[in-house]
Amino acid sequence: MLYHVRMDVLIPADMDADKVNELKATEKALSQKLQEQGKWRHIWRLAGEYSNFSIFDVDSNEELHDIMMSLPLYPYMKVEVTPLLRHPSSVRDDDS
Ligand SMILES: O=C(O)C[C@H]1C=CC(=O)O1
């Protein structure tokens, strides 16, 4: 199952810099692990914003939910999830 996820990161301005760096590092490591596993299929930065558009390929709503809850930056994100399905006019064979 494919999901488009928009993540807007809103870290409090007064958070300790070392804590921020630790959160970003652990988030990056988990993100890259999930990308290697094929669960987090794409991640794109939105130009000029601390936001990303991502595509997740997971087995269920529950798996997506569990992944989102596990992200170290999740408490500091606004998240919008859109379930996706193959478009009948698509000519690609790898997007379902
Ligand atoms: O930077 C972001 O967009 C937030 C988050 C998503 C992956 C990652 O490494 O950080």
Side-chain angles (χ1 to χ4, degrees):
M1 300 169 73
L2 296 173
Y3 297 85
H4 175 273
V5 179
R6 175 177 178 143
M7 301 178 213
D8 298 299
V9 184
L10 306 154
I11 295 174
D14 62 353
M15 185 182 285
D16 177 72
D18 288 342
K19 173 74 174 166
V20 173
N21 288 334
E22 182 192 331
L23 281 170
K24 288 181 178 178
T26 51
E27 176 89 15
K28 182 174 183 175
L30 179 55
S31 169
Q32 292 184 332
K33 185 175 111 184
L34 290 163
Q35 289 175 63
E36 300 287 353
Q37 293 173 347
K39 300 283 183 191
W40 194 327
R41 206 191 273 189
H42 294 281
I43 181 167
W44 296 93
R45 179 64 78 215
L46 277 60
E49 301 183 52
Y50 192 3
S51 306
N52 72 71
F53 280 161
S54 290
I55 302 293
F56 285 84
D57 187 354
V58 293
D59 292 335
S60 64
N61 290 348
E62 185 177 18
E63 185 177 14
L64 180 73
H65 184 79
D66 289 346
I67 287 173
M68 296 309 301
M69 294 300 110
S70 75
L71 298 180
L73 285 174
Y74 181 81
Y76 310 104
M77 286 179 178
K78 176 173 174 284
V79 176
E80 291 176 9
V81 177
T82 306
L84 303 173
L85 66 157
R86 183 178 173 81
H87 194 287
S89 300
S90 176
V91 296
R92 301 187 187 282
D93 59 10
D94 63 350
D95 62 354
S96 58

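Just follow the structure's listing: the first ligand is 1, and inside any ligand the first atom is 1. Atom set for the values below is all heavy atoms of this structure, side chains included, hydrogens, waters and symmetry mates excluded.
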*Interfacing atoms of ligand 1 (cut-off 4.0 Å, heavy-atom, Asn52)*: 2 (C), 3 (O), 4 (C), 6 (C)
*Side-chain contact, heavy-atom cut-off 4.5 Å: Leu23 with Met15?*
yes
_Among all protein heavy atoms in this structure, tell me which lies nearest to atom 2 (C) of ligand 1, with the distance rounded to 0.1 Å._
Arg45 NH1, 3.4 Å
*Where is the nearest protein heavy atom to atom 8 (C) of ligand 1: which residue, which atom, and how far?*
Glu27 CG, 3.4 Å
_Using a 4.0 Å cutoff against the non-hydrogen atoms of Tyr50, which atoms of ligand 1 qualify?_
1 (O), 2 (C)
_Can you report which non-hydrogen protein atom sits closest to atom 7 (C) of ligand 1, along with the distance?_
Ile43 CD1, 3.6 Å
_For Glu62, is the CD atom crowded, meaning more than 12 foreign heavy atoms sit under 6.0 Å from it?_
no
*asked:* Starting from Leu10, can I reach Leu73 by hopping between I/L/V/M/F/W/Y residues whose side chains sit under 4.5 Å apart?
replied: no
*Given side chains that start at C-beta, do those of Tyr50 and Arg45 come closer than 4.5 Å, heavy atoms only?*
yes
_Can you confirm whether Gln32 sits close enough to Lys28 that some side-chain heavy atom of one is under 4.5 Å from a side-chain heavy atom of the other?_
yes
*Within the structure, does Ser51 bring an N/O atom to less than 3.5 angstrom of an N/O atom in ligand 1?*
no
*Are any of the side-chain heavy atoms of Tyr3 and Asn61 separated by less than 4.5 Å?*
yes
_Val9 neighbourhood, listing ligand 1 atoms whose heavy-atom distance to it stays under 4.0 Å_ = 4 (C)
_Contact atoms of ligand 1, heavy-atom distance to Trp40 under 4.0 Å_ = 6 (C), 7 (C)
*For Lys19, enumerate each residue passing the side-chain hydrogen bond (donor to acceptor under 3.5 Å, both in side chains) test, keeping only those at least two apart in sequence or located in another chain.*
none
*What protein heavy atom is closest to atom 9 (O) of ligand 1, reported as residue, atom name and distance in Å?*
Lys28 CA, 3.5 Å
